[in-house]
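A short worksheet on the structure shown next.
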Amino acid sequence: LLIDWINRTLQEEHIVVKSLEEDLYDGLVLHHLLEKLGSLRLDVDKIALTEKKQRQKLSVIMEAVAKCLQLEGSQLRWSVESILAKDLLSTLHLLVAIAKHFHPSLALPPNVQVETITIENTSRGLKTATAVENITENKENTEAQSKDDAFDELFSRAPDKLDAVKKVFLQFVNQHVGKLGLNVKDIESQFSDGVVLLILIGQLEGYFLNLRNFFLTPASPTEMLHNVNLALDLLADGGLLNCSVNSE
């Protein structure tokens with residue numbers, strides 16, 4: 001997945017990566033990747049032929065990555081020397097960190113682990129130790145840490161983007177209910193009685209709701225609540241509602 005992502009990102013540069021160990025250690029691909037993803041301009045040579053030049057180039061690149069990702073030295077799970085030594089584990093950690101920062105929508109599979117074996121030469125012979133290293137986040141831990149859904153995050157962290165999201169939803173709604181001559185301008189007021197929601201569900205699911213089953217022009221809070229409850233029941237029956245919603 002990482003190789004495909006890199007090749008798609010650098011397609012215009014005609015760069016093709018076939019091996020993470022063999023193609024990333026000299027900094028050339030990482031240089032192009034950071035410039036493309038982060039619009040960074042790194043003061044290094046495009047091609048470094050000697051090991052000394054490659055080490056210098058990687059040092060600049062690693063500093064830029066740490067700065068972009070706002071990571072301290074103790075948080076880094078890679079180093080100039082490990083990347084230069086073609087260490088796959090370090091390369092994976094580096095690429096996953098870059099992908100999560102610059103391309104958070106990339107569908108990295110969760111719970112990817114590798115077992116590492118460390119061999120030490122002692123006076124009594126070889127001493128081995130095994131450990132499990134996480135490459136991507138543990139899904140259970142991630143879910144436990146974040147009980148809020150995307151809209152909770154939107155309201156709390158980016159309220160300035162709320163109007164843009166609402167505009168997208170309005171366009172989506174009107175694209176479908178507009179076929180019946182309806183026009184929604186305000187999400188809060190025009191969805192409160194359940195009528196538009198029911199019609200939208202019918203349009204999306206391709207069926208006609210019997211007018212005897214709901215109130216087309218509700219005249220009381222009770223009739224509005226009936227419409228909303230019916231809409232929620234339809235969504236639940238269709239397997240589309242995976243969280244509890246208070247109809248009131």
Side-chain angles (χ1 to χ4, degrees), residues 1-9 11 37 96 99-112 135-248:
L1 187 144
L2 288 169
I3 289 174
D4 289 342
W5 168 62
I6 293 170
N7 288 338
R8 285 197 309 271
T9 305
Q11 188 174 8
L37 292 171
V96 168
K100 284 174 60 180
H101 179 79
F102 290 109
H103 194 173
S105 62
L106 186 66
L108 289 168
N111 308 324
V112 177
I135 302 297
T136 59
E137 289 181 335
N138 184 295
K139 192 173 183 180
E140 293 180 358
N141 291 344
T142 305
E143 290 176 351
Q145 290 170 3
S146 179
K147 294 181 180 179
D148 292 344
D149 65 14
F151 289 99
D152 290 321
E153 292 284 317
L154 184 67
F155 275 89
S156 63
R157 298 191 182 188
D160 54 312
K161 296 181 180 178
L162 190 58
D163 286 337
V165 174
K166 286 163 63 176
K167 185 177 180 181
V168 171
F169 280 134
L170 280 175
Q171 290 173 344
F172 167 76
V173 171
N174 285 319
Q175 179 184 351
H176 295 282
V177 301
K179 300 170 185 176
L180 300 178
L182 298 176
N183 182 36
V184 178
K185 295 181 179 179
D186 184 76
I187 286 180
E188 288 93 331
S189 62
Q190 289 182 267
F191 269 75
S192 63
D193 62 9
V195 175
V196 173
L197 186 57
L198 285 168
I199 293 172
L200 178 64
I201 293 170
Q203 285 293 296
L204 293 172
E205 291 291 305
Y207 57 69
F208 178 76
L209 285 165
N210 194 314
L211 294 176
R212 289 179 295 182
N213 292 338
F214 71 104
F215 298 94
L216 187 61
T217 55
S220 68
T222 302
E223 293 178 351
M224 294 180 185
L225 195 60
H226 170 85
N227 286 351
V228 175
N229 279 320
L230 175 60
L232 295 178
D233 288 342
L234 291 172
L235 291 172
D237 290 343
L240 302 173
L241 199 64
N242 55 8
C243 59
S244 60
V245 176
N246 187 331
S247 54
E248 294 179 346

Rounded distance [0.5 Å steps], CG in Leu232 versus CD1 in Ile201
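Here the interatomic distance stands at 7.5 Å.
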Nearest-0.5 Å distance that lies between atom CD in Gln175 and atom CG in Leu170
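If we round to the nearest 0.5 Å, Gln175:CD and Leu170:CG are 12.5 Å apart.
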For [X] versus [Y], what's the shortest heavy-atom pair and its separation?
X: Ser192; Y: Met224; value: O-CB, 4.3 Å
X: Leu197; Y: Ala231; value: CD2-CB, 3.6 Å
X: Val177; Y: Ile199; value: CG1-CG2, 4.2 Å

Can you pull out every side-chain hydrogen bond (donor to acceptor under 3.5 Å, both in side chains) where at least one residue sits in residues 221-232? Sequence neighbours excluded, please.
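Those involving residues 221-232 are Asn229-Ser247.
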Name all residues meeting the ring pair (Phe, Tyr, Trp, His ring centres under 6.0 Å) criterion together with His101; count only those two or more places apart in sequence or in a different chain, and write none if there are none.
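Expected list: none.
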Residues forming a ring pair (Phe, Tyr, Trp, His ring centres under 6.0 Å) with Phe172, sequence neighbours excluded:
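Partners of Phe172 by the ring pair (Phe, Tyr, Trp, His ring centres under 6.0 Å) criterion, ordered by chain and then number, come out as His176.
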Which residues satisfy the side chain to side chain contact (heavy atoms under 4.5 Å, CB included) test with [X], sequence neighbours excluded?
X: Leu106; value: Leu1, Trp5, Arg8, Ala99, His103, Leu108
X: Leu230; value: Leu198, Asn213, Phe214, Leu234
X: Ile3; value: Asn7, Val17, Leu20
X: Arg212; value: Asn210

Only counting residues at least two apart or in another chain, list the ones meeting salt bridge (Lys or Arg N to Asp or Glu O under 4.0 Å) with Lys167.
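Result, salt bridge (Lys or Arg N to Asp or Glu O under 4.0 Å) vs Lys167: none returned.
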Glu205 side chain reached by Leu240 side chain, heavy atoms, under 4.5 Å
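Result yes, sub-4.5 Å side-chain heavy-atom pair found.
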Counting distance only, does the side-chain N/O of Gln190 pair as donor-acceptor with the main-chain N or O of Asn183 below 3.5 Å?
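Yes: the side chain of Gln190 pairs with the backbone of Asn183.
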Which pairs with one or both residues in residues 182-200 pass salt bridge (charged side-chain N to carboxylate O under 4.0 Å, His left out), sequence neighbours excluded?
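Every pair satisfying salt bridge (charged side-chain N to carboxylate O under 4.0 Å, His left out) with a residue in residues 182-200: Lys166-Glu188.
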